[in-house]
Amino acid sequence: MDDTTTPNADDERLSLRGLLEEPLLASARVLSGTDALSGPVTWCLPWGEVMSRPDSLAEVAVYTRPETLSAPGRELESLVARGAGVLLVDGSAPVGITWPTGLTVVELGFPVGFTALNRLLAERALTQEAHVMRYALTVHQSLAGLLHRGAGLPMLIREVAALTSDVAVALDVRGRLLAHAGLPDAEDAGTVALLDALADALPRLEESPPARMHNVHVIRLEHPDGLFAPTTAVAGAMQLAGRYEGWVVVIVPGANPRRHDIAQHRVVVEQAGTIIGTEMLRQRSVDEAEERARGDFVQALVHGNFANDHDLRTRAALHEIDLDLHYIVFVAPGLVDRAAGRPGASMVRLARYAAGVLPRPGVRSHVTVIGDVLVVIRSLSSAGAPGVDSEIGEYAHAMALDLETRLGQRIPVAHGRPAAGARDIGESYREARITLGIAQRLGLSGSVAYNDLRGFSVLARATDTDESRRLIRDVLGPLRASNSHADTEELLFAYLEEGGNINAAARRLRIHRNTMIAKLDRTSRLIGMDIREPENQFTLWLALRLDLLSQVQDTVNNEIVTR
């Protein structure tokens with residue numbers, strides 16, 4: 001969709017053309033390679049030193065005396081292969097030499113000597129470095145002063161735009177717009193297309209190796225349908241302490257802006273990357289502190305831990321949570337690496353990312369982490385309307401896809417029924433946790449609703465009775481007295497879920513059919529009933545599900561009691 005390229009010359013380093021404009025080389029004449037005069041020249045090395053070592057000669061001007069070229073042989077080809085910028089012949093070059101393709105050769109009208117040429121290049125390089133450093137210091141002082149005064153991200157981006165006299169934007173790690181200065185209308189179709197093209201062209205901060213992030217990227221963008229004019233973007237990563245917060249981008253009209261402008265913009269985004277990254281990190285720390293406080297309130301909501309109604313209303317007002325909206329609770333396993341330094345913080349970020357998917361106007365999400373479970377409480381925009389089930393299902397599906405992408409495996413996202421006001425969130429959470437426990441035991445993934453497990457919801461009323469506990473003890477007790485009860489229960493779940501089909505269950509467990517039959521016979525002897533009989537299968541099915549529900553409910557009840 002977008003045409004993106006990186007210019008070959010995107011800074012103000014001394015080029016061969018610029019070198020030939022120096023008074024010292026006023027009598028020079030180009031003998032070969034006139035199409036490569038824009039290439040940069042940084043060093044000057046003598047012929048003897050160059051030929052004694054196999055190093056790369058990129059941006060190197062090779063100095064030689066004419067007599068050295070009397071019989072160059074394959075040495076000239078070697079210069080081309082090693083990427084030499086130019087061959088400087090100090091005097092009249094020998095007649096009759098066929099210069100190899102790809103080699104720029106310059107003949108000096110009168111000898112100037114290696115020392116003079118080397119000094120010239122060194123002085124130009126130092127002058128350029130000093131100029132860049134002075135400009136970088138000016139930019140740094142300007143932005144750092146605003147940071148020190150607590151100006152915030154929008155003001156810093158406005159300063160970047162003022163320093164460059166072009167449009168400046170800040171993008172997060174996903175390429176979404178955080179702040180801008182100079183965009184005529186952020187909602188305009190052309191602007192949206194430009195920002196989408198830019199986000200697609202930039203390396204993904206979460207996927208790219210760190211080495212790619214240390215370079216400023218100069219990108220040319222052109223929309224095939226002409227939604228925006230050809231544009232050049234200069235982008236630098238916002239980073240601090242090894243963490244990437246997003247991109248600082250300067251947008252320049254036209255596909256071929258002045259090299260001087262690009263060079264200055266590179267310096268600006270390099271300096272802005274660290275300073276705005278510092279502001280982003282500071283803001284993230286503030287947000288995380290607020291999130292922790294809000295998370296404590298969210299946990300109190302799902303567990304009903306309030307002294308009275310006044311306490312609930314006071315804390316809800318502090319966190320700007322409307323008690324009268326309709327809400328739905330989503331839960332999912334975190335599955336983060338517990339060996340990491342701060343696994344809890346990682347899970348909070350994971351929950352925050354999940355809460356940000358499928359945004360809708362007027363819909364707010366609140367997140368927390370309880371144990372190893374991510375909790376997202378989301379308000380409903382269509383509560384009571386026919387589309388409420390569709391809205392809930394779409395978000396659960398989108399959350400499951402986002403977590404699957406981040407965690408690298410399929411996991412369930414469970415939810416209960418909608419809560420008519422914040423006071424009923426606890427019941428919706430309880431249903432979601434029960435649904436999650438069942439979904440994990442049954443190996444389900446994606447969106448899983450409490451109503452999808454209606455058989456379990458009916459049985460839930462019977463779990464806390466003497467009859468159910470007796471059934472669980474009589475049927476499953478002998479299994480749990482054996483050493484391999486966990487494997488046996490897994491075998492029974494697979495057998496029953498496949499409708500008593502031995503071949504299907506064996507394939508599911510990846511064991512031989514005969515092994516499956518032997519294990520079923522052994523299990524039948526343990527529990528004293530032939531589990532191949534339909535009536536016994538139902539009894540076993542009922543005992544397993546009552547037991548599963550009892551375990552899940554005990555987990556949720558214990559969690560609520562300990563809070």
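Just so you know, these numbers use all the heavy atoms, side chains as well, and skip hydrogens, waters and symmetry mates.
Between Val250 and Val160, some side-chain heavy-atom pair lies under the 4.5 Å cut-off. Residues Val218 and Thr232 form a side-chain contact, since some pair of their non-hydrogen atoms from C-beta on lies under 4.5 Å apart. Proximity of Pro230 to Arg220: side-chain heavy atoms (C-beta onward) are nowhere separated by under 4.5 Å. Contact annotation: the side chain of Pro359 never approaches that of Ser365 to less than 4.5 Å [non-hydrogen atoms, C-beta and beyond]. With a 4.5 Å cut-off on side-chain heavy atoms, Trp247 and Val169 do not count as touching.
Here Arg532 pairs with Asp521 in a salt bridge; the nearest charged N to carboxylate O distance falls below 4.0 Å. Salt-bridge check for Glu490 with Lys519: failed, with every basic side-chain N at 4.0 Å or more from each acidic carboxylate O. With respect to Arg423 and Asp309, a salt bridge is recorded, a charged nitrogen being found less than 4.0 Å from a carboxylate O. At a threshold of 4.0 Å, the pair Arg430-Glu427 does not count as salt-bridged, since none of the basic side-chain nitrogens sits closer than that to a carboxylate oxygen. Salt-bridge formation is not detected for the pair Arg507/Glu498: no Lys NZ or Arg NE/NH1/NH2 atom is positioned less than 4.0 Å from an Asp or Glu carboxylate oxygen.
Aromatic pair Phe297/Phe306: centroids less than 6.0 angstrom apart.
Between Thr231 and the choices Leu198, Leu194, Ile219, the side-chain contact (heavy atoms from CB on, under 4.5 Å) rule is met once, by Leu194. Under the side-chain contact (heavy atoms from CB on, under 4.5 Å) rule, Trp541 has a single partner from Leu546, Leu496, Asn536, Ile531, which is Leu496. Looking at His366, His397, His415 one by one, the single match for ring pair (Phe, Tyr, Trp, His ring centres under 6.0 Å) with Phe330 turns out to be His415.
Side-chain atoms of Glu535 and Thr539 form no donor-acceptor pair, as typed in the model, at a separation below 3.5 Å.
Relative to the ring axis of Tyr395, Arg378 places its NZ or CZ within 45° and under 6.0 Å from the centre.
Looking at every heavy atom in both residues, His180 comes nearest to Leu183 through ND1-CB, 3.4 Å. When all heavy atoms of Ile472 and Ala543 are compared, the closest pair comes out as CG1-O, 3.9 Å.
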